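Just follow the structure's listing: the first ligand is 1, and inside any ligand the first atom is 1. Quick caveat: nothing in here was measured; it's all calculated off a predicted structure.
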Amino acid sequence: MGTRIGVGLLGLGTVGAGVAGILQTPEGRNPLVAELELVRVAVRDLQRPRPIELPNSLLTNDPQAVVDDPAVQVVVEVMGGIEPARTMIMRAIAAGKAVVTANKAVIARHGEEIAAAAAAAGVYVLIEAAVGGGIPIIEPLKQSLGSNRIERVSGIINGTTNYILSRMAQEGVAYEEVLKDAQDLGYAEADPAADVEGLDAADKIAILTGLAFGGPIDRASIPTQGISNLQSRDVDYAKQLGYAVKLLAVAERLNSEVHTSRSLPLSVRVQPTLIPLDHPLAGVNEVNNAILVEGDPIGRVMFYGPGAGAGPTASAVVADILNIAGIRQLGEINGRVDPLLAASSWRACHLVDPSAIRHRNYVRFNADDTPGVIGRIGSCFGERDVSIQSIIQFDASNVGAEIVVITHEISQGQMKDALTAITSLPEIKRLAAHLCCL
Ligand code: NAP
Ligand code: HSE
């Protein structure tokens, strides 16, 4: 083997400590791990007790000192947040250093700027840990599936919400009751609103979209609905009707024809979704994530595994460092980058009007328990060409009648018109829930 590679770590929290732990225990791993030397580590609070022992001389509260340290060849950014993470990544690139980051928030917003700077500097920025925790999905999209025309990427890509939804389904508890456990287990973001409002999943599907379809999309335009308003009774009713509720992220092209116009039209969205219990995603529970990739000619492949937490995420981070270490050992870094590993955009993509998107729907109304109310709801749907798959009244004496409707596939524009009409009926007290249904 050859030269040792200096690693500078920005952050020693859940993920950073996991990375340091792997670097400290190279035995039984790929021999290249033993070539990685942790030379500097930035934290915010030098006094905080750490789950891992490191010489004090390695620690600093100045991230720039890590990036600028001449002994650091690979900068590993696991601080989180937008700033100073973005500035440190750009500074490392400008200094000709490779970067590994788990920071999906930065990549979803500044990925193009970062990729352009990296290409100009001839360095790699690798992001396997940014999506799916320990699941390999970034490199497969860039490399192993590169020959495919991708039709759809969909999946469960937030571990915190999947953990919460699994516990809600199993124990019938409200989401607030299990969020604290997800935080204690190291799954949640520093601000868990990013998880429960669907923003983290939107960051991740933005990244997957760019890789799968070849062009960046506007992160801010992704329709995003989280689970913070989801009630345990909807999870329960869904279960009784044969569905699991999951926070689903979807990116799909709208027709399967080979697209020849300048910009590829896509639908990208994040929303709680009813998934039939016999669907492969319905059985993905706890902190696990799963991503289905559908393409031509591969058909459908599913990537499954732990989507958050110290060990799985550190596994992905260190794999990226090893990719860079391997290339360095070939003497191939600085100026010449492997185009597949670098993964630059190669076309334009844009998001279509969400009202045109068609899918099935689950809606729950609170209504007066009067004769004919189900018929009137049915008429409102029928008059707007919305065909109903099932309409059921659940027993909920404290709120009057609870009427749950599952529609066939319709456009969201049609659905909105029908819901406006139904909520104007005198017997309808309120629209209590509206979820997507696969
Ligand atoms: P974390 O536990 O909050 O750790 C963040 C670390 O960064 C802490 O050590 C903190 O220092 C340090 N830090 C933050 N701001 C800093 C600053 N301005 N200067 C110096 N140090 C700073 O976060 P995490 O869960 O490890 O997540 C890190 C990144 O990985 C995030 O981008 C997250 O989205 C991503 N990620 C996390 C997971 C997961 O399962 N947790 C999975 C995939 C990706 P102190 O310790 O002194 O506060
Ligand atoms: N908070 C994120 C999640 C961490 O729960 O999925 C992994 O990206």
Just distances here: any N/O of V15 and N/O of ligand 1 closer than 3.5 Å? yes
Please list the nearest protein heavy atom to atom 48 (O) of ligand 1 with its residue and the distance rounded to 0.1 Å. R48 NH1, 3.0 Å
Heavy-atom nearest neighbour in the protein, as seen from atom 34 (O) of ligand 1, with distance rounded to 0.1 Å: E189 OE1, 2.6 Å
Is the CD atom of Q47 crowded by more than 12 outside heavy atoms at less than 6.0 Å? no
Go through ligand 1 atom by atom and flag the ones less than 4.0 Å from a non-hydrogen atom of P84. 18 (N)
Just which atoms of ligand 2 are under 4.0 Å from any heavy atom in D195? 1 (N), 2 (C), 3 (C), 5 (O)
Among R152, R149, R253, the one residue meeting salt bridge (Lys or Arg N to Asp or Glu O under 4.0 Å) with E294: R152
Sequence neighbours excluded, which residues qualify as salt bridge (charged side-chain N to carboxylate O under 4.0 Å, His left out) partners of E286? none
Is E53 atom CD crowded by more than 12 heavy atoms from other residues, nucleotides or ligands, each under 6.0 Å away? no
Which bit of T160 gets closer than 4.0 Å to ligand 2, counting heavy atoms only: side chain, backbone, both or neither? both
S345-E112 side chain donor-acceptor pair, cut-off 3.5 Å: yes
Give the numbers and elements of all ligand 1 atoms closer than 4.0 Å to a heavy atom of T313. 38 (C), 40 (O), 42 (C), 43 (C), 44 (C)
Would you say the side-chain atoms of N158 and K246 include a donor-acceptor pair closer than 3.5 Å? no
N or O pair under 3.5 Å between P63 and ligand 1: no
Do S166 and Q170 get their side chains close enough for a donor-acceptor pair, meaning under 3.5 Å? no
Using a 4.0 Å heavy-atom cut-off, which part of M79 comes near ligand 1: side chain, backbone, both, or neither? both
For atom 28 (C) of ligand 1, find the nearest protein heavy atom and state the residue, atom name and distance (0.1 Å precision). V78 O, 3.3 Å
Other residues, nucleotides, ligands: >12 heavy atoms within 6.0 Å of N229 CG: no
Who's the nearest protein heavy-atom neighbour of atom 36 (N) of ligand 1, and how far? K104 NZ, 3.5 Å
Starting from atom 23 (O) of ligand 1, which protein heavy atom do you reach first, and at what distance in Å? T14 N, 4.5 Å
Any N or O of A308 closer than 3.5 Å to N or O of ligand 1: no
Can you tell me which residue and heavy atom of the protein come closest to atom 6 (O) of ligand 2, and the distance to 0.1 Å? G159 N, 2.7 Å
In terms of atom number and element, which parts of ligand 2 are under 4.0 angstrom from non-hydrogen atoms of N158? 2 (C), 3 (C), 5 (O), 6 (O)
Give me the nearest non-hydrogen protein atom to atom 12 (C) of ligand 1 as residue plus atom name, then the distance to 0.1 Å. G11 CA, 3.8 Å
For K204, atoms of ligand 2 separated by under 4.0 Å from a heavy atom: 2 (C), 3 (C), 6 (O), 7 (C), 8 (O)
L12 heavy atoms, cut-off 4.0 Å: which ligand 1 atoms fall inside? 6 (C), 8 (C), 9 (O)
Looking only at protein heavy atoms, what sits closest to atom 30 (O) of ligand 1 is A102 CB, 3.5 Å
Check: G309 N/O within less than 3.5 Å of ligand 1 N/O: yes
Taking atom 8 (O) of ligand 2 as the reference point, the nearest protein heavy atom with its distance: K104 NZ, 2.6 Å
What part of D200 sits under 4.0 Å from ligand 2 if we count only heavy atoms: the side chain, the backbone, both or neither? side chain
Contact atoms of ligand 2, heavy-atom distance to Y187 under 4.0 Å: 1 (N), 2 (C), 3 (C), 4 (C), 5 (O)
With a 4.0 Å cut-off, strictly under, does atom 3 (O) of ligand 1 pick up any protein heavy atom? no
With a 4.5 Å limit on heavy-atom distance, are the side chains of M88 and V106 in contact? no
Against V76, only a single residue in V100, L36, L126, V15 fulfils side-chain contact (heavy atoms from CB on, under 4.5 Å); can you say which? V100
Protein heavy-atom partner closest to atom 8 (C) of ligand 1 - residue, atom, separation in Å: G13 N, 3.7 Å
Sequence neighbours excluded, which residues qualify as side-chain contact (heavy atoms from CB on, under 4.5 Å) partners of S411? R358, Q414
Report yes or no: do D353 and S355 form a side-chain donor-acceptor pair below 3.5 Å? yes
If the cut-off is 4.0 Å to any non-hydrogen atom of E189, which atoms of ligand 2 fall inside it? 1 (N), 2 (C), 4 (C)
Y187 and Y163 aromatic ring geometry - parallel, tilted or perpendicular at 30°/60° bounds: perpendicular
Need the ligand 1 atom indices (1-based, order shown) with element for anything under 4.0 Å from a heavy-atom of A129. 43 (C), 44 (C)
Per-atom contacts, ligand 2 versus G307 - under 4.0 Å to a heavy atom: 6 (O), 7 (C)
Measuring from atom 46 (O) of ligand 1, which candidate in K204, R44, R50 has the nearest non-hydrogen atom? R50
May I ask you to check whether Y362 and D234 show a side-chain donor-acceptor distance below 3.5 Å? yes
Return the option from G186, G134, G132 holding the heavy atom at the smallest distance from atom 41 (N) of ligand 1. G186
Find out whether H359 and M415 are in side-chain contact, i.e. whether some heavy atom of one side chain is under 4.5 Å from a heavy atom of the other. no
The test is side-chain contact (heavy atoms from CB on, under 4.5 Å); show your working for L12 and L59 and say whether it passes. CA-CA 9 Å; L12 192 63; L59 293 182; 4.2 Å; yes
